[in-house]
J.: 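Pasting in a structure now, in structure tokens, and then I'll have a few things to ask.
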Amino acid sequence: MRLDHVQVSCPPGGEDVARAFYGEALGMTEVEKPELLKSRGGCWFKAGDAEIHVGVEVGFTPAKKAHPALAVDDLDGLAAKLANLGYPVTWDNDTIPGRRRFHTADGHGNRVEIV
């Protein structure tokens, strides 16, 4: 078994904000949604085997606890990039022994962990 994708939500019309975070800030590649799903809005992103699907949710509330965790090669570099772009970076290197990580939030306030 392997994880295929994680879905997060955004408010209606929030796709460009999602693209700014997942595409531009994280450097993920936007992938085309299947034709039958395009009318629902949202956007999908991929980097390596990791996929994040951003779905439109009426009555959207950001996920403050549930989150995807993405493993990257340059943790410090990505933290600096996100901070320079105005995204929050909260380090947590003590909770899980031997694991360096930080939490951030996408442009809609959804929690994202970076390890």
J.: Decide yes or no for T29 and Y22: does some side-chain heavy atom of the first lie under 4.5 Å from some side-chain heavy atom of the second?
T.: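 The answer is no; the side chains never approach within 4.5 Å.
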J.: Between F102 and T90, is any pair of side-chain heavy atoms under 4.5 Å apart?
T.: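 No, every pair of side-chain atoms sits at 4.5 Å or beyond.
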J.: Please check if F45 and V17 belong to a single hydrophobic cluster, counting links between Ile, Leu, Val, Met, Phe, Trp and Tyr side chain heavy atoms closer than 4.5 Å.
T.: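 Different hydrophobic clusters.
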J.: Using the rule that two of Ile, Leu, Val, Met, Phe, Trp, Tyr join whenever any of their side-chain heavy atoms come within less than 4.5 Å, decide whether L26 and V31 are in one cluster.
T.: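 Hydrophobic grouping puts L26 apart from V31.
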J.: Is the closest side-chain heavy-atom distance between R111 and K64 below 4.5 Å?
T.: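 Result no, sub-4.5 Å side-chain heavy-atom pair not found.
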J.: List in chain and number order the residues that pass salt bridge (Lys or Arg N to Asp or Glu O under 4.0 Å) with E24, two or more places apart in sequence or in another chain; answer none if no residue qualifies.
T.: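 Residues passing salt bridge (Lys or Arg N to Asp or Glu O under 4.0 Å) with E24: none at all.
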J.: Can you spot which of H53, M28, H5 makes a side-chain contact (heavy atoms from CB on, under 4.5 Å) with W44?
T.: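 Checked H53, M28, H5 against W44; only one passes side-chain contact (heavy atoms from CB on, under 4.5 Å): H53.
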J.: Taking side chain as C-beta onward, heavy atoms only, is H108 less than 4.5 Å from P62?
T.: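 Not in contact.
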J.: Hey, any chance V56 and V6 share a hydrophobic cluster, counting ILVMFWY side chains that come within less than 4.5 Å of each other, even indirectly?
T.: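 V56 and V6: separate clusters.
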J.: I52, L37: one ILVMFWY side-chain cluster at the under-4.5 Å cut-off?
T.: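 Not linked; separate clusters.
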J.: Can you name the nearest heavy-atom pair linking C43 to E30, along with the distance?
T.: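 It is CB-OE2, 3.4 Å.
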J.: Taking all atoms of both residues into account, what is the closest heavy-atom pair of V54 and S9, and its distance?
T.: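 Where V54 meets S9 most closely, the heavy atoms are CG1-C, 4.4 Å.
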J.: Is atom CG of L36 surrounded by more than 12 heavy atoms (other residues, nucleotides or ligands) closer than 6.0 Å?
T.: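 No.
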J.: Are the side chains of L82 and F21 in touch, meaning some heavy atoms are under 4.5 Å apart?
T.: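 Counting from C-beta outward, L82 and F21 do come under 4.5 Å.
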J.: Who pairs with K38 by salt bridge (Lys or Arg N to Asp or Glu O under 4.0 Å), at least two apart in sequence or on another chain?
T.: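 With neighbours one apart ignored, the set is E32, E35.
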J.: Let me check something: any side-chain donor-acceptor pairs from residues 68-78 under 3.5 Å, sequence neighbours excluded? List them with distances.
T.:
| residue | atom | partner | partner atom | Å |
| --- | --- | --- | --- | --- |
| D74 | OD1 | G77 | N | 2.9 |
| D76 | OD1 | R100 | NH2 | 2.8 |
| D76 | OD2 | R100 | NH1 | 3.3 |

J.: Ignoring hydrogens and geometry, is there a side-chain-to-backbone donor-acceptor pair from N110 to A105 under 3.5 Å?
T.: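 Absent.
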J.: Indicate yes or no for a side-chain donor-acceptor contact from E15 to the backbone of G42 under 3.5 Å, with no hydrogens or angles considered.
T.: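 Flag set: sc E15 to bb G42 pair under 3.5 Å.
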J.: Provide the closest heavy-atom pair for A25 versus Y87 in the form atom of the first, atom of the second, distance.
T.: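 Residues A25 and Y87, closest heavy atoms: CB-CE1, 3.8 Å.
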J.: Could you state whether V115 and V112 fall into the same hydrophobic cluster, counting links through intermediate Ile, Leu, Val, Met, Phe, Trp or Tyr residues with side-chain heavy atoms under 4.5 angstrom apart?
T.: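 No, V115 does not connect to V112 through the hydrophobic network.
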J.: Nearest 0.5 Å, what's the CG-CZ distance between N93 and R99?
T.: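 CZ of R99 is found 11.5 Å from CG of N93.
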